[in-house]
*Asks:* 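I'd like to ask some things about the structure below.
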Amino acid sequence: MRIAVVHGPNLRLLGRREPAVYGTETLADVNALLSEEAASLGVELEFFQSNHEGEILDFVDAASARVEAFLVNPGALTHTSVALRDALTGVARPFVEVHLSNTAAREPFRHHSFLSDVAAGVVFGFGAQSYVLGLRGLVARLRKVNPA
Ligand code: DQA
């Protein structure tokens, strides 16, 4: 089972970006944590980060041919992108939306997500652990639907 992990705009800044909000782990640390979890779950991951919405849409389209699902932190695109919603629903692969911060406790413009209602699940507020929990939930769901 192969899953693509997509990090949206500005997530490459993790570690030095508002550490009080996002923590001190870098994107490489998050990916390493996920790789460890993936190994224990027996799934394969591929990672993608872009600051460009169109590149993310192209990636979702291309990756959908080789992955069963997506684990996505859309960054600010969460709150702005009908295009990303349409890409993810368009490729008909389940996805889990994750956020490091508790977006519900932040500025009102972060309270709305264009993705949550079409996601298989949403995890937010646990820092890097949001990704790990999201991956576990996604794999459990995929295995329930397609018991190997
Ligand atoms: C974020 C929350 C978003 O509101 C923000 O724009 C981000 C990161 C998070 O992981 O907490 O870039 O997705």
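Counting starts at 1 for both ligands and their atoms, following the listed order. Model, not experiment: these values are computed from the prediction.
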*Asks:* Any chance you could lay out the side-chain contact (heavy atoms from CB on, under 4.5 Å) test for R2 and E46, step after step, and finish with the verdict?
*Replies:* CA-CA 8 Å; R2 191 172 174 83; E46 61 179 272; 3.0 Å; yes
*Asks:* What's the shortest distance from atom 9 (C) of ligand 1 to any protein heavy atom, and which residue and atom give it?
*Replies:* L100 N, 3.4 Å
*Asks:* So, is A76 polar-close to ligand 1, with some N/O to N/O distance under 3.5 Å?
*Replies:* yes
*Asks:* Under 4.0 Å, counting heavy atoms only: does R17 come that close to any atom of ligand 1?
*Replies:* yes
*Asks:* Is any NZ, NE, NH1 or NH2 atom of the basic residue among E68 and R93 found under 4.0 Å from an Asp or Glu carboxylate oxygen of the other?
*Replies:* no
*Asks:* What are the atoms of ligand 1, with element, lying closer than 4.0 Å to any heavy atom of S101?
*Replies:* 2 (C), 9 (C), 11 (O)
*Asks:* Determine the interplanar angle of the F59 and F70 rings, folded into 0 to 90°, and report it as parallel if under 30°, tilted if 30 to 60°, perpendicular if over 60°.
*Replies:* perpendicular
*Asks:* Does N10 have a heavy atom less than 4.0 Å from any atom of ligand 1?
*Replies:* no
*Asks:* Is Y22 close enough to touch ligand 1? Criterion: a residue heavy atom under 4.0 Å from a ligand atom.
*Replies:* yes
*Asks:* If you have a sec, work out which protein heavy atom is nearest atom 4 (O) of ligand 1 and how many Å separate them, to one decimal?
*Replies:* H79 NE2, 2.7 Å
*Asks:* Ring centres under 6.0 Å, that's the criterion: do H111 and F109 meet it?
*Replies:* no
*Asks:* Measure the CG-CG distance between L135 and L45 for me, rounded to the nearest 0.5 Å.
*Replies:* 5.5 Å
*Asks:* Does T103 come within less than 4.0 Å of ligand 1, judged by its heavy atoms?
*Replies:* yes
*Asks:* Are any of the N/O atoms on R106, whether in the backbone or the side chain, positioned under 3.5 angstrom from an N/O atom of ligand 1?
*Replies:* no
*Asks:* For the residue pair F47 and H7, does the interplanar ring angle fall in the parallel (under 30°), tilted (30 to 60°) or perpendicular (over 60°) class?
*Replies:* parallel
*Asks:* Indicate whether any N or O donor in one side chain lies under 3.5 Å from an N or O acceptor in the other, for E53 and N51.
*Replies:* no
*Asks:* Identify, for atom 1 (C) of ligand 1, the protein heavy atom at the shortest distance, and state residue, atom and that distance.
*Replies:* H99 ND1, 3.7 Å
